[in-house]
Amino acid sequence: MSHKLDISGRAIARWLERSVKSLGNHSDRLNAINVFPVADGDTGSNLYLTTRAGHDAVSKLESLDVGGYLEVAARAAMESARGNSGTLLAVFLSGLAEPLAGKERLTAPGLAAGLERAKVRAWSALSDPVDGTMLSVINAAALAAGTTMMHLKQDPESRAAMDTLLTQIAQAAKLAVQGTENELPSLAAAGVVDAGAVGMLIIIDELCAAIRGIDANFDYYENFHGYNIQDPHVHLTVENVEGVEVMCTVTLDALGAATLRGQLDSVGDSVIMSPVNQQGEFFRWRVHVHVAEAEQALTVIKEHADPVNLSVTDLCHYNAGS
């Protein structure tokens, strides 16, 4: 181990800051290969804007509680989440924060537990989770972390254990991205890896680099199909679906949320519902759905709650006229 690991909360702050910068730098290329679930060319922009919202919320916050710090960022990211990818990223951050609550430093067991919780939260947030997406990368990282902890030869609390863990999750995440092209027909047809999966890899690579105190190396990304800077914007050549993306925040108890999710599943797809925070017996839920017409979703939502922080986005806005 040639570098000294930073396992303090400063590493998390540095991670969020670096992730914003790197997602901004990569956003054009991520947008260019954005094929699934709809080819609307905004995955990179959505991940960047969502991460920036999380970072902005904690940019002046000083806290010794690693998980608490991360949860503040996660809630802000959730409330400002953009698209499928941004919403899942916010869910990932929130899940990662839970086992780290009250901890003043990062450890290999804590990070492994956080990745496992993030995986469970991300998969359960979607009504119809699909392999070959961001979920595959999150799953691979969590599985690699768990396996590494089971076979670890070092003291689990040591920096050496953390270094071993970082190596394994980064490698697993990279392999998961490479595999996405073969898991979804739309990606195979376009000859690209999944945009959201690459975005998730950027975030994991930046996490590893922030803890190690080094700059992340993205040179190997050029080997991903469709990711070379000279490759065309394939999303412009893919026939897109018509419809809109509806996002909002509602306050419901668990039963009400389950009922709403089921009804949204019947009128649309790409349904994501994730709790933002708890208020007594109720939760604030971030809702995401794709529907043909906005009123299809809004009518259902308003039967259960008053939606706030509402946005309606045309799924074809990037492809209009192309």
Side-chain angles (χ1 to χ4, degrees), residues 9 11-27 30 42-61 63 65-101 111 114-115 117-126 133-135 137-138 141 195-207 210 245-251 270-279 283-289 307-311 313:
I12 294 296
R14 195 162 53 246
W15 169 43
L16 294 175
E17 182 178 6
R18 288 184 178 185
S19 293
V20 172
K21 181 179 179 181
S22 292
L23 287 168
N25 290 340
H26 286 257
S27 61
L30 293 173
D42 62 358
T43 289
S45 302
N46 288 341
L47 286 170
Y48 163 72
L49 291 169
T50 302
T51 307
R52 191 179 72 180
H55 170 260
D56 287 351
V58 294
S59 60
K60 293 182 172 60
L61 178 64
S63 173
D65 182 345
V66 173
Y69 181 94
L70 191 52
E71 180 58 26
V72 172
R75 289 181 184 178
M78 188 81 73
E79 290 283 16
S80 300
R82 305 289 189 97
N84 290 58
S85 56
T87 306
L88 280 176
L89 171 58
V91 173
F92 171 83
L93 293 175
S94 183
L96 186 66
E98 287 183 17
L100 300 174
L111 181 55
L115 289 169
R117 184 60 185 153
K119 179 195 78 175
V120 171
R121 285 283 305 276
W123 280 81
S124 62
L126 279 160
T133 63
M134 288 176 70
L135 292 176
V137 179
I138 295 171
V198 179
M200 194 69 235
L201 178 61
I202 290 170
I203 289 159
I204 289 174
D205 277 343
E206 282 292 9
L207 174 63
E245 173 186 77
V246 176
M247 297 190 67
C248 65
T249 303
V250 297
T251 300
S270 294
V271 176
I272 306 176
M273 285 191 65
S274 183
V276 180
N277 61 303
Q278 189 169 4
Q279 300 174 335
F283 290 83
R284 285 170 56 80
W285 300 83
R286 192 62 178 158
V287 180
H288 171 282
V289 61
V308 297
N309 199 7
L310 173 67
S311 67
T313 307

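Excluded from the calculations below are hydrogen atoms, water molecules and symmetry mates; all remaining heavy atoms, backbone and side chain alike, are included. Please read these numbers as outputs of a predicted model, since none were measured by experiment.
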By side chain to side chain donor-acceptor pair (under 3.5 Å), which residues pair with H55, not counting sequence neighbours? none

Nearest heavy-atom contact between L30 and G44 is CB-CA, 3.6 Å

Using side-chain heavy atoms (C-beta onward) and a distance below 4.5 Å, is V198 in contact with T43? no

For E98, which residues count as a salt bridge (charged side-chain N to carboxylate O under 4.0 Å, His left out) partner, sequence neighbours excluded? R117, R121

Quick one: are M200 and F92 in side-chain contact, heavy atoms under 4.5 Å? yes

Can you name the residues that form a side chain to side chain donor-acceptor pair (under 3.5 Å) with S22, not counting sequence neighbours? E206

Counting C-beta onward and ignoring hydrogens, is there a side-chain heavy-atom pair between L88 and L126 closer than 4.5 Å? yes

Is there a side-chain contact (heavy atoms from CB on, under 4.5 Å) between N84 and E245 once you walk through the steps? CA-CA 9 Å; N84 290 58; E245 173 186 77; 4.0 Å; yes

All side chain to side chain donor-acceptor pair (under 3.5 Å) counterparts of R82, not counting sequence neighbours: none

Kindly compute the distance separating OG1 (T249) from CG (N309), expressed to the nearest 0.5 Å. 4.5 Å

At their closest point, which heavy atom of S45 faces which heavy atom of S27, and how far apart are they? N-CB, 4.1 Å

Could you tell me which non-hydrogen atom of G86 sits nearest to which non-hydrogen atom of L47, and how far apart they are? N-CD2, 4.2 Å

Are the side chains of L111 and L100 in contact, using a 4.5 Å heavy-atom criterion? no

Nearest-0.5 Å distance that lies between atom CG in L23 and atom CG in N46: 11.0 Å

Between M78 and S274, the two heavy atoms sitting closest are CE-OG, 3.5 Å

For T87, give me all partners under side chain to side chain donor-acceptor pair (under 3.5 Å), at least two apart in sequence or on another chain. none

Under the rule for salt bridge (charged side-chain N to carboxylate O under 4.0 Å, His left out), what residues qualify as partners of R52, not counting sequence neighbours? none

Nearest 0.5 Å please: distance from the OG atom of S19 over to the CG atom of L207. 7.5 Å

Do L115 and L96 touch side chain to side chain, with heavy atoms closer than 4.5 Å? yes

What distance do D205 atom CG and I202 atom CD1 have between them, rounded to the nearest 0.5 Å? 8.0 Å

CD (E79) and SG (C248) are apart, to the nearest 0.5 Å, by 10.5 Å

Taking W15 for the side chain and I203 for the main chain, is one N or O donor matched with an acceptor at less than 3.5 Å? yes

Answer yes or no: is there a donor N or O on one side and an acceptor on the other, between the side chain of S94 and the main chain of V91, under 3.5 Å? no

Closest heavy-atom pair and its distance - A81, T50: CA-OG1, 3.6 Å

Nearest 0.5 Å, what's the CD1-CH2 distance between I272 and W285? 13.5 Å

Any side-chain to backbone donor/acceptor pair from H288 onto S270? Under 3.5 Å, distance only. yes

Report yes if the side chains of L16 and V20 come closer than 4.5 Å at any heavy-atom pair, otherwise no. no

Which atom of A11 lies closest to which atom of A210, heavy atoms considered: O-CB, 3.6 Å

Under 3.5 Å, is there a donor-acceptor pair linking the side chains of T251 and R284? no

Does the pair E17 and K21 meet the rule for a salt bridge (Lys or Arg N to Asp or Glu O under 4.0 Å), with working shown? CA-CA 7 Å; E17 182 178 6; K21 181 179 179 181; over 6 Å; no

